[in-house]
Protein chains: 2
Amino acid sequence: MEKKEAITIQDIARKAKVSPSTVSRVLNDTVPVASDKRDAVLAAVKELNYRPNLIAQNLVRGKSMVIGVLTQDTASPFYGQIHQGIEQGLTGSGYQPMFVIGNWQVSEELVALETLMMRQVDGIIILGGNIPDERIKEVATEIPLVMTARWVKGLEQQCLQVDNVKASYDATRHLIELGHRHIIFVMGLPSIGDTLERQKGYYQAMQEVNLDIDPQLLVIEGNFTQLSGLLAIEQLLNRKQFFSAIFAMNDEMAFGAMLALYRHGLRVPEDISLVGFDDQDHTAYTIPPLTTVRYPMFDMGFMAAQSILKLIQGQAINLPLLPTQLIVRESTMRYQQ
Amino acid sequence: MEKKEAITIQDIARKAKVSPSTVSRVLNDTVPVASDKRDAVLAAVKELNYRPNLIAQNLVRGKSMVIGVLTQDTASPFYGQIHQGIEQGLTGSGYQPMFVIGNWQVSEELVALETLMMRQVDGIIILGGNIPDERIKEVATEIPLVMTARWVKGLEQQCLQVDNVKASYDATRHLIELGHRHIIFVMGLPSIGDTLERQKGYYQAMQEVNLDIDPQLLVIEGNFTQLSGLLAIEQLLNRKQFFSAIFAMNDEMAFGAMLALYRHGLRVPEDISLVGFDDQDHTAYTIPPLTTVRYPMFDMGFMAAQSILKLIQGQAINLPLLPTQLIVRESTMRYQQ
DNA sequence: ACCATATTTGAAACCAATGTCAATTTTCGC
DNA sequence: GCGAAAATTGACATTGGTTTCAAATATGGT
């Protein structure tokens, strides 16, 4: 609270009767220093409780030791897991993440990104968002950059991806194998990258078996929130659409769907089978526990972090397609009748 | 990726044929500058795509424009909401939050805190954690600091709090008014600040009516995870303990409890009433929707942010006791015989 | 016009560190 | 014990900005 004068390397030098250069040398252990002076410096450091000023260090070294993370939402468990992965992927490296938030608004994302650049971050990780591809490409020429949950043509090497089509195909296929034919797909906003790919996987699986049903009729749109899932199913039920299973594009919408079914006296899975997507923390504890697709959020963050570090060190990176996995729990069962 | 030479204020000065001082002046608008030179500077800035180096700026100004946030967990929705609040409370101020993670480990928390200090953050917000009070007090003498979800004697002015006792009393009281007398309290780790207070509120309410029942027998311990809630109830059920209601200290444990009850064929609320704590995003979408206590996570973050800004500006702060609210949904009902 | 005052401008110091370079000291071979 | 090579050390420039101070220029009153 008080404005105590910060102690600098000068103070240490004076106290230890050496030059600032020498202090720097013992602190960074760059060049051997006579042990008596070394001890004097260390003693002075301890006594004055000296703490190097990273800002000055960063200025002279030309690095900030910060990795900027342009994200969209800190409160969602989905992004939270990615953040966790990033954080862990960075521990021990000396780099700190700095999270800036875009809220899915291009304008906000642009200023957030600009903030990172001004702070001279040493690398940038972009998570989703709506910022124009062009801008990303520009930035990528200036600074190491990787992104996840997003795909930019021309920067394929720097996009960390999941095989959404296959993941979605697998989930749909699971329902088909249980005998379901009228499977509702609750999609998300088409502007978000993953949506179209997951829709594609759904169509693929459906078209393999449902030659006489038009799957287009079974697709309804939500905006990723629980409420939108609930509303979508309500609407379906009200117009007496027939279906025996639901595949929601994320867990939240599946939760909403679950509540809508409950409100209408429909049981999961006896009456309707339900599959989610993401495998959020909570899915194992819904009633009944939800069958879903495990999306490797933590791993994505972790790998993004490790990759950016490699890029900074000038190493080449080779981003794998991260695997998803269908987790069968208790919200799906064989179609009855 | 490439190491393009960054352009500095010198480059602008040269291009605009003025001195660096003048460039600084037009950029910061501190002193009027003749309009022709001004235009020349602005033109050069635009043409060279100049971006001020915040590190240099911070060094000379002696501020980092960063608020350090020592938190414990980025992935939990509970902390996520607080982070969101902090982020929003800081927007427009020019300050950025920097989150560092302690994982509830004192050693990690200490280094995380040290990192913040070395980075010369202008203020610190501490969220929970196990760092010794003494250390917090030391830091508080050096730098503006506020904390939430934590209480340090001697720094009461800087602790943003919720009336846990009352919140917990209210929740218990709600069950009592519904006729319940054997109410299980699922507590969290006693090392975490809130735990004891909430336990106190529970006892208070219980002792008002249950003069013949020893509420101590009804308290079981969890560690805040869903699994621990599940296990606790399993155990209870296995030893045939009688109860008609459960009050869990956080929503996660309530979710776990819910599943345990479901596994044993017990219905909520017909057989057992259940109350959670926090009002996480998800609680409105459990089956049935969960009665819980709304904990103002976002507001806490927001207010913490605003307060730290005030402290930095040398203003006094007066932290209110934030209100909680019982949200009655569908997991509680009148005790049936 | 002329001088006093006000405004604009640039040179130079400064922020807190690092690292180059040259001077000084130490080590070591003979 | 002496000279050359090696090791240690300090002075100083540097990083990219801001700000003080004084010089240069512009303004205004008479």
Side-chain angles (χ1 to χ4, degrees), chain A residues 3-42 44-45 48-66 94 115 117-122 142, chain B residues 3-42 44-45 48-66 94 115 117-122 142:
Chain A
K3 42 194 65 182
K4 280 192 206 169
E5 264 319 301
I7 40 190
T8 74
I9 206 170
Q10 306 286 345
D11 301 320
I12 303 299
R14 207 169 312 127
K15 179 137 204 136
K17 298 208 201 336
V18 296
S19 72
S21 324
T22 300
V23 177
S24 169
R25 286 190 266 256
V26 341
L27 258 34
N28 298 296
D29 205 30
T30 47
V31 163
V33 167
S35 62
D36 55 333
K37 302 195 196 265
R38 178 188 197 75
D39 293 345
V41 168
L42 261 18
V45 164
L48 297 184
N49 211 320
Y50 169 70
R51 185 184 291 129
N53 181 329
L54 280 196
I55 297 193
Q57 236 174 36
N58 293 338
L59 177 62
V60 67
R61 291 194 178 142
K63 325 200 277 168
S64 62
M65 301 307 283
V66 170
T115 310
M117 306 286 283
M118 295 208 301
R119 284 196 185 272
Q120 315 291 120
V121 295
D122 298 326
E142 290 188 53
Chain B
K3 42 195 65 184
K4 280 192 206 166
E5 264 319 299
I7 39 188
T8 74
I9 206 170
Q10 306 286 344
D11 302 320
I12 303 298
R14 206 169 310 125
K15 179 136 203 139
K17 300 208 204 326
V18 296
S19 73
S21 328
T22 300
V23 177
S24 169
R25 285 191 265 257
V26 344
L27 258 34
N28 297 297
D29 204 30
T30 46
V31 163
V33 167
S35 62
D36 55 334
K37 306 201 195 255
R38 176 187 198 76
D39 294 346
V41 168
L42 261 18
V45 163
L48 297 183
N49 210 320
Y50 170 71
R51 184 185 292 128
N53 181 331
L54 279 196
I55 297 193
Q57 237 174 33
N58 294 338
L59 177 61
V60 66
R61 291 193 178 144
K63 325 201 275 169
S64 61
M65 302 307 282
V66 170
T115 310
M117 305 286 283
M118 295 207 300
R119 285 197 185 273
Q120 315 289 119
V121 295
D122 298 325
E142 291 189 53

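Just the heavy atoms: all of them, side chains too, but no hydrogens, waters or symmetry mates, feed the values below.
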Q: Might you point out which heavy atoms bring B:A16 and B:A44 nearest each other, and give the distance in Å?
A: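 Looks like CB-CB, 4.3 Å.
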Q: Can a side-chain donor-acceptor contact be found between A:S21 and A:S24 if the only test is distance below 3.5 angstrom?
A: no
Q: Starting from P on C:dA17, measure out to CE on A:M65 and report it in whole angstrom.
A: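 Rounded to whole Å, this separation is 17 Å.
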Q: Go nucleotide by nucleotide along DNA chain D from the 5' end; which of B:I55 and B:R25 gets its closest nucleotide reached first?
A: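 By nearest-heavy-atom nucleotide position, the 5'-most residue is B:I55.
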Q: For B:K17 and C:dT8, give me the distance from atom NZ to atom C1', rounded to whole Å.
A: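 Checked: the NZ to C1' distance equals 19 Å.
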Q: At under 4.0 Å between heavy atoms, what does B:R61 touch on the DNA or RNA strands: base, sugar-phosphate, or nothing?
A: sugar-phosphate
Q: Expressed as a whole number of angstroms, how long is the span from A:Q120:CD to D:dG17:C1'?
A: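 It is 11 Å, rounded to the nearest whole Å.
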Q: Select base, sugar-phosphate, or nothing to describe what A:P52 touches, counting heavy atoms under 4.0 Å on all strands.
A: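 The residue A:P52 makes sugar-phosphate contact but no base contact.
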Q: Please report, rounded to the nearest Å, how far the P atom of C:dC15 is from the CG atom of A:L54.
A: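 Rounded to the whole Å, the gap is 19 Å.
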Q: Would you say the side chain of B:T22 and the base of C:dG10 hold a donor-acceptor pair, judged only by whether the two atoms sit under 3.5 Å apart?
A: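 Answer is no: no donor-acceptor pair is held.
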Q: Atom CG of A:D36 to atom P of C:dT25: distance rounded to whole Å?
A: 14 Å
Q: What's the verdict on side chain to side chain contact (heavy atoms under 4.5 Å, CB included) for A:L42 and A:R38, showing C-alpha distance, side-chain angles and the deciding distance?
A: CA-CA 6 Å; A:L42 261 18; A:R38 178 188 197 75; 4.2 Å; yes
Q: What's B:V18 touching, base or sugar-phosphate or nothing? Going by heavy atoms closer than 4.0 Å.
A: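 Counting heavy atoms under 4.0 Å across all strands, the contact made by B:V18 is with sugar-phosphate only.
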Q: Using whole Å, report how far CD1 of A:I9 lies from P of C:dC15.
A: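 The answer, rounded to whole Å, is 14 Å.
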Q: Take atom CD of A:Q10 and atom P of D:dG10, then tell me their distance rounded to the nearest Å.
A: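 To the nearest whole Å, that distance equals 13 Å.
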Q: Strictly below 4.0 Å: does B:Y50 bring a side-chain N or O up to OP1 or OP2 of D:dG17?
A: yes
Q: On DNA chain C, does the nearest nucleotide to B:K37 precede the nearest nucleotide to A:V23 from the 5' side, or the other way round? Give the residue.
A: B:K37
Q: Check whether any side-chain N or O of A:N28 sits under 4.0 Å from OP1 or OP2 of C:dT18, and answer yes or no.
A: yes
Q: Is the shortest side-chain N/O distance from A:Q57 to OP1 or OP2 of C:dT18 below 4.0 Å?
A: yes
Q: Rounded to whole Å, please give me the gap between CG in A:D39 and C1' in D:dT8.
A: 16 Å
Q: Using the side chain to side chain contact (heavy atoms under 4.5 Å, CB included) rule, take B:M65 and B:N58 through it: C-alpha gap first, then chi angles, then the decisive distance, then the call.
A: CA-CA 7 Å; B:M65 302 307 282; B:N58 294 338; 4.1 Å; yes
Q: Strictly below 4.0 Å: does A:S24 bring a side-chain N or O up to OP1 or OP2 of C:dT18?
A: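 So the side-chain polar atoms of A:S24 do come within 4.0 Å of the phosphate oxygens OP1 or OP2 of C:dT18, strictly under.
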Q: Is B:T30 side chain donor-acceptor paired with the D:dT18 base, going by distance under 3.5 Å alone?
A: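 Counting by modelled atom types and ignoring angles, no donor-acceptor contact under 3.5 Å is found here.
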Q: So does A:T8 get a side-chain nitrogen or oxygen closer than 4.0 Å to the phosphate oxygens (OP1/OP2) of C:dA16?
A: no
Q: I'd like to know if A:S21 reaches the base of D:dA11 with its side chain, counting only an N/O donor and acceptor under 3.5 Å.
A: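 By the distance-only test, yes, there is a pair.
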Q: Check for a donor-acceptor pair, side chain of B:D11 on one end and backbone N or O of B:T8 on the other, with a separation under 3.5 Å.
A: yes
Q: For a quick test of reading the model, state the closest non-hydrogen atom pair linking A:L48 to A:I7 and the distance between them.
A: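 Nearest pair, atom of A:L48 first, then A:I7: O-CD1, 2.5 Å.
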Q: Let me know, please, whether B:P32 or B:L59 comes out on the 5' side of the other along DNA chain C by nearest nucleotide.
A: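 Result: B:P32.
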Q: Is B:N58 touching bases, backbone alone, or none of the nucleic acid, heavy atoms closer than 4.0 Å?
A: nothing
